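Structure record follows, encoded as structure tokens.
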Amino acid sequence: RNMANFTTVSGFLLMGFSAKPELEVLWASLFLVLYLVALTGNTLIIAATSMDDSLYSPMYFFLKHLSFLDICYISVTVPRSICNSFRHTSSISLWECILQCLAFTLCGSAELAMLTVMSYDRYVAICLPLRYEIIMNVNTCIHGILAVWISGVVSGVMHTSATFSIHFCGANIIHQFFCEVPQLLKLACSDEYVSELGVTGFVSLMILLCFLSIGFSYTRIFSTVLRIPSAEGRAKAFATCLPHLAVVTLFLSTGAFEFLKPHSDSPTALDFLLTLFYTVLPPTLNPMIYSLRNKAMKAALQRVVKRRKAYLFC
């Protein structure tokens with residue numbers, strides 16, 4: 001592509017999962033179910049951790065904020081895709097695309113930072129239990145949440161500014177169900193990647209630091225857990241750590257593979273499936289993983305539901 005082919009872009013066309021209307025509606029229905037499950041599960045976790053006194057600890061404080069982030073993260077992309085599918089339209093304006101890209105990169109970066117903070121919390125709880133209350137005090141928790149949101153805002157603004165500072169050439173078709181940065185860069189004119197490459201390098205460094213931090217935390221955690229003499233103690237420690245590690249692995253592996261792999265001009269079903277794994281499944285599975293494997297959370301959720309029923313029948 002060259003500058004002779006440069007066209008002023010006023011919007012883009014989002015290509016869904018299928019060109020057939022009936023299949024598109026089927027996918028939209030599946031998205032709607034997953035979205036409602038994610039909303040319900042994360043809202044219940046927020047309610048339980050906010051209303052139940054037994055869950056007033058750093059672990060559940062961070063879990064509440066992760067659930068809020070998950071609601072924001074999935075709400076950036078899925079509702080618009082559902083509406084487009086049911087209305088049989090694929091257009092999105094330039095400003096809507098910019099806002100979606102900003103919100104998605106902000107929430108994605110903040111989610112990774114939140115998972116890093118949560119891994120540090122588990123490291124202190126298991127490896128330094130006698131100093132846990134001293135290290136993970138109120139100030140530490142607040143500073144951790146501030147760092148999560150600041151990193152998300154900085155990454156989101158930098159990534160979005162760099163992406164939309166380039167000129168777009170040729171067709172304005174995005175082969176994805178939302179404004180994904182790698183797909184947008186495919187539409188860029190030649191020799192206009194300099195600013196984006198710098199931001200990508202910075203974001204990649206942040207991701208690497210988060211990955212190394214999580215890896216260090218879990219290496220120390222598993223080393224400590226394996227030295228616990230009682231089988232019950234080891235099982236309890238693994239029950240709180242393995243679900244978190246599963247979420248981190250799913251989110252990081254699929255997201256990194258999708259962003260780093262070469263993107264073809266004709267995306268396959270695998271490309272859409274990988275996108276589903278890092279955009280839709282983590283917010284949907286997080287509530288199930290954290291609540292179903294956690295006795296305290298299950299008990300708190302039961303109490304919240306009972307209170308709600310009592311309130312309704314009063």
Side-chain angles (χ1 to χ4, degrees), residues 34-35 37-75 106-129 132-133 135-152 210 213-214 217-218 221 225 235-252 278-305 307-308:
L34 292 175
Y35 183 62
V37 169
L39 278 184
T40 303
N42 285 295
T43 302
L44 283 173
I45 285 182
I46 292 172
T49 52
S50 299
M51 298 168 60
D52 198 290
D53 294 341
S54 67
L55 300 184
Y56 283 3
S57 70
M59 174 183 172
Y60 297 108
F61 174 77
F62 293 132
L63 180 57
K64 174 170 64 176
H65 284 271
L66 177 66
S67 294
F68 176 73
L69 255 177
D70 281 337
I71 291 175
C72 297
Y73 185 60
I74 196 171
S75 296
L106 188 159
C107 292
S109 300
E111 178 119 353
L112 176 59
M114 180 64 73
L115 293 172
T116 305
V117 170
M118 291 177 73
S119 71
Y120 176 73
D121 172 67
R122 290 299 84 206
Y123 159 71
V124 177
I126 292 175
C127 300
L128 306 169
Y132 181 74
E133 292 186 2
I135 296 174
M136 299 306 296
N137 54 38
V138 174
N139 286 333
T140 303
C141 294
I142 293 174
H143 290 157
I145 294 299
L146 286 176
V148 165
W149 284 106
I150 290 171
S151 65
C210 289
S213 177
I214 293 171
S217 295
Y218 275 99
I221 285 171
V225 169
K236 185 177 179 181
F238 278 127
T240 58
C241 294
L242 289 179
H244 179 248
L245 185 60
V247 172
V248 172
T249 302
L250 176 68
F251 183 71
L252 276 180
Y278 78 88
T279 58
V280 179
L281 288 189
T284 306
L285 294 178
N286 275 353
M288 301 180 192
I289 290 173
Y290 283 107
S291 61
L292 294 179
R293 296 294 301 275
N294 189 307
K295 292 181 180 179
M297 179 61 70
K298 284 192 289 187
L301 287 173
Q302 289 173 356
R303 287 192 290 269
V304 168
V305 172
R307 288 175 191 170
R308 183 62 179 170

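These numbers come from a predicted model, not from an experiment.
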| said: Between Y73 and T279, is there a side-chain heavy-atom distance shorter than 4.5 Å? | reply: yes
| task | Measure the spacing between CG of L112 and OG of S151 and express it to the nearest 0.5 Å. | result | 8.0 Å
| message | Does any part of the side chain of Y218, heavy atoms only, come nearer than 4.5 Å to the side chain of S119, both counted from C-beta? | response | yes
| Pairwise side-chain contact, T140 with H143, heavy-atom cut-off 4.5 Å (strictly under) | no
| Between S67 and D70: side-chain donor-acceptor atoms closer than 3.5 Å | no
| With sequence neighbours excluded, what pairs up with F61 under the ring-ring contact (aromatic ring centres under 6.0 Å, His included) test? | H65
| query | Roughly how far, to the nearest 0.5 Å, is the OG1 atom of T116 from the CG atom of D121? | reply | 12.5 Å
| request: Could you tell me which non-hydrogen atom of A110 sits nearest to which non-hydrogen atom of V148, and how far apart they are? | output: O-CG1, 3.3 Å
| Minimum heavy-atom distance between P287 and T284, given as atom pair plus value | CD-O, 3.4 Å
| Measuring from Y278:OH to E111:CD, what's the distance to the nearest 0.5 Å? | 13.0 Å
| message | Quick one: does any side-chain atom of T40 pair with a main-chain N or O of V37 as donor and acceptor, under 3.5 Å? | response | no
| field | Separation of Y132 OH from S57 OG (nearest 0.5 Å) | value | 5.5 Å
| task | Find the distance between CG (L106) and SG (C72) and round it off to the nearest 0.5 Å. | result | 9.0 Å
| request: Search all heavy atoms of M136 against all heavy atoms of P58 and return the closest pair with its distance. | output: O-CG, 3.6 Å
| Side chains of I135 and Y123 in contact at under 4.5 Å (non-hydrogen atoms) | no
| task | Evaluate side-chain contact (heavy atoms from CB on, under 4.5 Å) for I45 paired with N286, printing each intermediate quantity in order. | result | CA-CA 10 Å; I45 285 182; N286 275 353; over 6 Å; no
| field | Gap between atom CD1 of I145 and atom CD1 of I150 - 0.5 Å precision | value | 11.5 Å
| task | Answer yes or no: is there a side-chain heavy-atom contact under 4.5 Å between S217 and R122? | result | no
